[in-house]
Amino acid sequence: MPRTYLDMDGVLARFEQAPNALERFAVEPGFFAGLEPTRFALELADVLAVAQEVPFYILTASPNEQADIDKRAWVAEHLPQLADRVVIVRDGAEKAQYAQGNYLVDDYTENLKFWTAKGGKGIKAINTHNAKTGRHKKVTINTMLVDW
C-alpha cells in the first residue's frame, strides 16, 4: 500500500507566519516546537482521533539536532498518533529517497520535483505564503489548500 508523507513546515505547522522565521529556524531552540498548527493539521488531528489505521507519515527537513527535538515535540503535542511516524532528513532533496510509489504533500515545489522524478506522486500544498507568489500555477502538480 502506498504511503502518504506530509511535510511539516508550511503544511502542518505555520512556519511562514512566524516572525523572521528564516533567520530563527536554524538557531533558536524551541522555534519549531512553538509553531501554530495549520487548519489542515487541526482537521487531520480530528480524523486521526477516530481512525483505526493511519496511512500518513511526516517527512520533514531539519537544520540540526535541536530542531529535530523541537519538531518531534510539535508532533507529540499536535498529532500524537503520528509521533512514531516522523522521518527527518537534513536536506529537502533527501526526501526523494522515500518517493517510489508514494505520495508527498509539500508546499515547496523543488521538493515535489525531486519526488516526482524518483517515481512518487506530488501534491502541492497551498498556504498563505506561497499562494501570493503564484508559482504553484506554473507546475503540473495536484494542489490542495492547507490554511484557509
- What distance separates K95 NZ from I88 CD1, expressed to the nearest 0.5 Å? 11.0 Å
- Calculate, to the nearest 0.5 Å, the distance between atoms CG and CZ belonging to L79 and F56 respectively. 10.5 Å
- Task: Spell out, yes or no, whether L48 and I58 are grouped together once hydrophobic residues are joined by side-chain heavy atoms under 4.5 Å, including indirect joins.
- Result: yes
- Note on the structure: Closest non-hydrogen contact found for P37 with R14 is O-CD, 3.2 Å
- Message: Counting only heavy atoms not in E65 (residues, nucleotides, ligands), do more than 12 fall under 6.0 Å from its CD?
- Response: no
- Contacts of Y98 that satisfy ring pair (Phe, Tyr, Trp, His ring centres under 6.0 Å) - sequence neighbours left out: Y5
- Value for NZ (K121) from CG (L112), rounded to nearest 0.5 Å, stands at 13.5 Å
- Would you say F31 and L22 are hydrophobically clustered, going by side-chain heavy atoms of ILVMFWY under 4.5 Å? yes
- Item | P63 and F32, any side-chain heavy atoms less than 4.5 Å apart | yes
- Of all residues at least two apart in sequence or in a different chain, which pass the salt bridge (charged side-chain N to carboxylate O under 4.0 Å, His left out) check with E28? R24
- Item | Identified side-chain contact (heavy atoms from CB on, under 4.5 Å) partner of K124 from the options V105, L104, T109, V11 | T109
- Heavy-atom distance under 4.5 Å between the side chains of N102 and Y57, does that happen here? no
- Query: Do L44 and L12 pass the side-chain contact (heavy atoms from CB on, under 4.5 Å) test, and can you show the C-alpha distance, the side-chain angles, and the key distance before you say yes or no?
  - Reply: CA-CA 9 Å; L44 179 62; L12 298 173; 4.1 Å; yes
- For A73 and A33, which heavy atoms make the closest approach, and how far apart are they? CB-CB, 4.3 Å
- Query: For Q97, does the CD atom have more than 12 heavy-atom neighbours from other residues, nucleotides or ligands under 6.0 Å away?
  - Reply: yes
- Shortest non-hydrogen contact from L35 to A18? CD2-CB, 3.8 Å
- Task: Ignoring hydrogens and angles, tell me if any N or O in the side chain of D106 forms a donor-acceptor pair with the backbone of I123 under 3.5 Å.
- Result: no
- If every non-hydrogen atom of P2 is compared with every non-hydrogen atom of G101, which pair is closest and at what distance? CB-O, 3.2 Å
- Excluding sequence neighbours, so at least two apart, what forms ring pair (Phe, Tyr, Trp, His ring centres under 6.0 Å) with Y103? none
- Using the test salt bridge (charged side-chain N to carboxylate O under 4.0 Å, His left out), find all partners of E110 that sit at least two apart in sequence or belong to another chain. K113
- Item | Qualifying residues under side chain to side chain contact (heavy atoms under 4.5 Å, CB included), relative to A93, sequence neighbours excluded | D91, F114
- Note on the structure: Here the salt bridge (Lys or Arg N to Asp or Glu O under 4.0 Å) pairs for residues 67-80, sequence neighbours left out, are D9-K71, D68-R90
- Query: Is the backbone of G34 close enough, under 3.5 Å, to the side chain of W74 for a donor and an acceptor to pair up by distance?
  - Reply: no
